[in-house]
*Asks:* 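Pasting a structure below so you can have a look.
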Amino acid sequence: MTDYPEFASSKISELPEEGTISCTSPSNIALVKYWGKRPVQLPENASISFTLDHCKTTTTLRYKKLDSASEDFDFDLFFEGKPKPDFKPKIQNFFDRIQKYLLFLKEYKFTIETSNTFPHSSGIASSASGMSALAYCLMQLEKKINPDISEAELLQKASFLSRLGSGSACRSIEGPVTVWGKHNDIEGSSDAFAVPFPYTVHQNFDTYQDTILLIDKGEKQVSSTVGHDLMHGHPFATKRFEQASGNISKLKEILISGDIDTFIEVVESEALTLHAMMMTSLPYFILMKPNTLSVIQKIWEYRKTTGSKVCFTLDAGANVHVLYPNSEKNEVLDFITSELVAYCQNGQYICDKIGWGAKIV
């Protein structure tokens, strides 16, 4: 019996001999942050995110049926066209976790080829896009084995599987706004998978823009897994989880009403709280860089002098996500290029916007 019998794999009858599946899946940026988890990959608090559009992973899954089922998982992994042995343990662990939900995994030799449109491990949630892309490819293979799976079932199970690879990955399967974690104010929400925000989002947030300033493209100082573990026994953990729950309720009303001023307040507070949790854990970390703080100050000054609705959020890294309504796109991009690009590593930034989730290529 599985922990989640609704996601049990279909009984294997006929398996396709070989084939290729390619898909893309985007990163996402949490507005209310998830920080702290319990086994296995379950969130201590619910989170809400914008699904991105341009920051994505493209994954090609080649599968060839073995003559007999393997004792272990048989796969090769290529990242940006080159073998990536240090990624293999993460995929091995992922396959271990999802095997009981996809019974065909040991029946195939897999070749996984993956690439990103953005720097890996720099705080743009590469594990979210990478693991969701792989899960989505695997669900396409399951649909070949069991064509009766509906699109809704496929998406929900893809989100469920993604979570077992990387918690935030479950929020990347659909868009433009997704919720992960059981919350009384969000209908249909679950700790096991993410759901699309189940209410009509105000037009103020249509095609919302996210320009990501690459302050530091290097690998971050501490992995998200280690960061989440530091919430166990954290002196402020309980209050943080309560705060996040309250902010979910606030953000629900904000997204429905279109109140951008309160959106800014909640989103920036959440970003700073995430980093405050890391600075007050043991061991403690500062993932922001001096240029991160300079950019934040510049955004606050610009907003004060112009009345703009631009704001920022941060992931668990130094890079800054500059969020703003589509109606301000030209003005804010002028501000970014004239005032903020100087703080980016090699002047690099990525213009993105909210998007719609995983797709077959």
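Computed from a predicted model, the values in this text were never measured in an experiment. Just so it is clear, the values below take in all heavy atoms, side chains as well, and ignore hydrogens, waters and symmetry mates. When a residue number appears, it is its place in the shown sequence, counting from 1.
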*Asks:* Is the shortest side-chain heavy-atom distance between Met131 and Ile91 below 4.5 Å?
*Replies:* yes
*Asks:* Do His183 and Ser245 pass the side-chain hydrogen bond (donor to acceptor under 3.5 Å, both in side chains) test, and can you show the C-alpha distance, the side-chain angles, and the key distance before you say yes or no?
*Replies:* CA-CA 7 Å; His183 194 284; Ser245 182; 3.2 Å; yes
*Asks:* Any non-hydrogen side-chain atom of Gln297 less than 4.5 Å from a side-chain atom of Ile299?
*Replies:* no
*Asks:* Indicate if Tyr324 and Leu251 have the same hydrophobic cluster label, given that clusters are the connected sets of ILVMFWY residues with side-chain heavy-atom separations under 4.5 angstrom.
*Replies:* no
*Asks:* When rounded to the nearest 0.5 angstrom, what distance separates CG in Leu52 from OG in Ser172?
*Replies:* 7.5 Å
*Asks:* Any chance you could measure Asn204, atom CG, to Ile254, atom CD1, to the nearest 0.5 Å?
*Replies:* 12.0 Å
*Asks:* Sequence neighbours excluded, which residues qualify as side chain to side chain donor-acceptor pair (under 3.5 Å) partners of Ser249?
*Replies:* Asp185
*Asks:* Under the side-chain hydrogen bond (donor to acceptor under 3.5 Å, both in side chains) criterion, do Thr59 and Thr114 qualify, and how do the steps go?
*Replies:* CA-CA 4 Å; Thr59 294; Thr114 185; 3.3 Å; yes
*Asks:* Regarding Thr111 and Asp76, do their side chains bring together a donor and an acceptor under 3.5 Å, going by distance alone?
*Replies:* no
*Asks:* At their closest point, which heavy atom of Leu105 faces which heavy atom of Ile98, and how far apart are they?
*Replies:* CD1-CG1, 3.7 Å
*Asks:* Can you name the side chain to side chain donor-acceptor pair (under 3.5 Å) partners of Ser150, sequence neighbours left out?
*Replies:* Glu153
*Asks:* Quick one, His234 and Thr280 - any side-chain contact, counting heavy atoms below 4.5 Å?
*Replies:* yes
*Asks:* Grab the two heavy atoms, one from Ala128 and one from Ser132, that are nearest each other, plus how far apart they are.
*Replies:* O-OG, 2.6 Å
*Asks:* Judged by atom type as modelled, is there a donor-acceptor pair below 3.5 Å linking the side chain of Asn346 to the main-chain atoms of Gln348?
*Replies:* no
*Asks:* Should the heavy atoms of other residues, nucleotides or ligands under 6.0 Å from OH of Tyr199 be counted, would the total exceed 12?
*Replies:* yes
*Asks:* Answer yes or no: are there more than 12 heavy-atom neighbours, outside Ile256 itself, under 6.0 Å from its atom CD1?
*Replies:* yes
*Asks:* Just wondering, more than 12 heavy atoms not from Asn184 lying within 6.0 Å of its CG?
*Replies:* no
*Asks:* Restricting to pairs with a member in residues 342-361, which pass ring pair (Phe, Tyr, Trp, His ring centres under 6.0 Å), not counting sequence neighbours?
*Replies:* none
*Asks:* Apply ring pair (Phe, Tyr, Trp, His ring centres under 6.0 Å) to residues Phe110 and Tyr63 and explain how you reach the verdict.
*Replies:* CA-CA 5 Å; Phe110 293 109; Tyr63 56 92; 7.1 Å; no
*Asks:* Which heavy atom of Ser129 sits nearest a heavy atom of Thr57, and at what distance?
*Replies:* OG-OG1, 2.7 Å
*Asks:* Is the Phe205-Phe263 ring centre distance short of 6.0 angstrom?
*Replies:* yes
*Asks:* Not counting sequence neighbours, which residues clear side-chain contact (heavy atoms from CB on, under 4.5 Å) with Asn93? List them please.
*Replies:* Arg97
*Asks:* Any salt bridge linking Glu113 with Lys82? Criterion: basic side-chain nitrogen under 4.0 Å from a carboxylate oxygen.
*Replies:* no
*Asks:* Assess whether atom NZ of Lys144 is packed by more than 12 heavy atoms of other residues, nucleotides or ligands within 6.0 Å.
*Replies:* no
*Asks:* Measure from NZ or CZ of Lys109 to the centre of the six-membered ring of Phe75, then state whether that distance is under 6.0 Å and the direction lies within 45° of the axis.
*Replies:* no
*Asks:* Do the non-hydrogen side-chain atoms of Val322 and Asp210 ever get within less than 4.5 Å of each other?
*Replies:* no
*Asks:* Check this for me: Glu187, atom CD, are more than 12 non-hydrogen atoms of other residues, nucleotides or ligands nearer than 6.0 Å?
*Replies:* no
*Asks:* Run the side chain to side chain donor-acceptor pair (under 3.5 Å) test against Glu253 and tell me which residues pass, sequence neighbours left out.
*Replies:* none
*Asks:* For Gln140, what residues pass the side-chain contact (heavy atoms from CB on, under 4.5 Å) criterion, not counting sequence neighbours?
*Replies:* Ile21, Tyr136, Leu154, Ile360
*Asks:* Calculate, to the nearest 0.5 Å, the distance between atoms OG and CD1 belonging to Ser159 and Ile173 respectively.
*Replies:* 6.5 Å
*Asks:* Is Leu15 close to Tyr108 at the side-chain level, that is, under 4.5 Å between some pair of heavy atoms?
*Replies:* yes
*Asks:* Output a table of donor-acceptor pairs, distance under 3.5 Å, between side-chain atoms of residues 36-50 and any protein atom two or more places apart or on a different chain; print 'none' if there are none.
*Replies:*
from  : atom 1 : to     : atom 2 : distance (Å)
Lys37 : NZ     : Gln41  : OE1    : 2.7
Arg38 : NH2    : Asp191 : OD2    : 2.6
Gln41 : NE2    : Arg163 : O      : 3.1
Asn45 : ND2    : Lys33  : O      : 2.9
Ser47 : OG     : Arg171 : NH1    : 2.8
Ser49 : OG     : Arg171 : NE     : 3.1
Ser49 : OG     : Thr178 : OG1    : 3.1

*Asks:* Can you tell me how far apart OG (Ser162) and CZ (Phe94) are? Round to the nearest 0.5 Å.
*Replies:* 6.0 Å
*Asks:* Check the angle between the aromatic planes of Phe193 and Phe7 and answer parallel, tilted or perpendicular using the 30° and 60° thresholds.
*Replies:* perpendicular
*Asks:* Do other residues, nucleotides or ligands put more than 12 heavy atoms under 6.0 Å from the CD atom of Glu80?
*Replies:* yes
*Asks:* Show your reasoning for whether side-chain hydrogen bond (donor to acceptor under 3.5 Å, both in side chains) applies to Ser257 and His202.
*Replies:* CA-CA 6 Å; Ser257 69; His202 194 278; over 6 Å; no
*Asks:* Closest heavy-atom contact between Thr51 and Glu174?
*Replies:* OG1-O, 2.7 Å
*Asks:* Does Trp180 sit in a hydrophobic cluster with other residues, and if so which ones, taking ILVMFWY side chains as linked at heavy-atom separations under 4.5 Å, directly or through other members?
*Replies:* Tyr34
*Asks:* Any pair with a residue in residues 255-268 that passes salt bridge (Lys or Arg N to Asp or Glu O under 4.0 Å), sequence neighbours left out, goes on the list, sorted by first then second residue, please.
*Replies:* Asp261-Lys309, Glu268-Arg303
*Asks:* Going by the rule side-chain contact (heavy atoms from CB on, under 4.5 Å), which residues pair with Pro283 if we only count those two or more places apart in sequence or in a different chain?
*Replies:* Leu230, Phe285
*Asks:* If a pair satisfies salt bridge (Lys or Arg N to Asp or Glu O under 4.0 Å) and one of its residues is in residues 338-357, list it, with sequence neighbours excluded.
*Replies:* Lys298-Glu339
*Asks:* Side-chain contact test, heavy atoms from C-beta onward, threshold under 4.5 Å: evaluate it for Met139 versus Leu161 and give yes or no.
*Replies:* yes
*Asks:* Can we say Lys157 and Glu142 salt-bridge, meaning some charged N sits less than 4.0 Å from an Asp/Glu carboxylate O?
*Replies:* yes
*Asks:* Just jot down the side-chain contact (heavy atoms from CB on, under 4.5 Å) partners of His232, sequence neighbours excluded, or say none.
*Replies:* Asp229
*Asks:* Relative to Phe236, does Lys239 satisfy both conditions: NZ or CZ under 6.0 angstrom from the six-membered ring centre, and within 45 degrees of the ring's axis?
*Replies:* no
*Asks:* Write down the atom of Val32, the atom of Ala244, and the distance for their closest heavy-atom approach.
*Replies:* CG1-O, 3.8 Å
*Asks:* What distance separates Leu314 CG from Leu287 CG, expressed to the nearest 0.5 Å?
*Replies:* 10.0 Å
*Asks:* Evaluate whether atom NZ of Lys329 has more than 12 neighbouring non-hydrogen atoms of other residues, nucleotides or ligands under 6.0 angstrom away.
*Replies:* no
*Asks:* State, with a plain yes or no, whether a side-chain heavy atom of Arg62 is found less than 4.5 Å away from one of Thr60.
*Replies:* yes
*Asks:* Output the distance between atom OH (Tyr101) and atom CZ (Phe160), rounded to the nearest 0.5 Å.
*Replies:* 4.0 Å
*Asks:* Mind listing the closest non-hydrogen atom pair of Val195 and Ser189 along with its distance?
*Replies:* CG2-CA, 4.2 Å
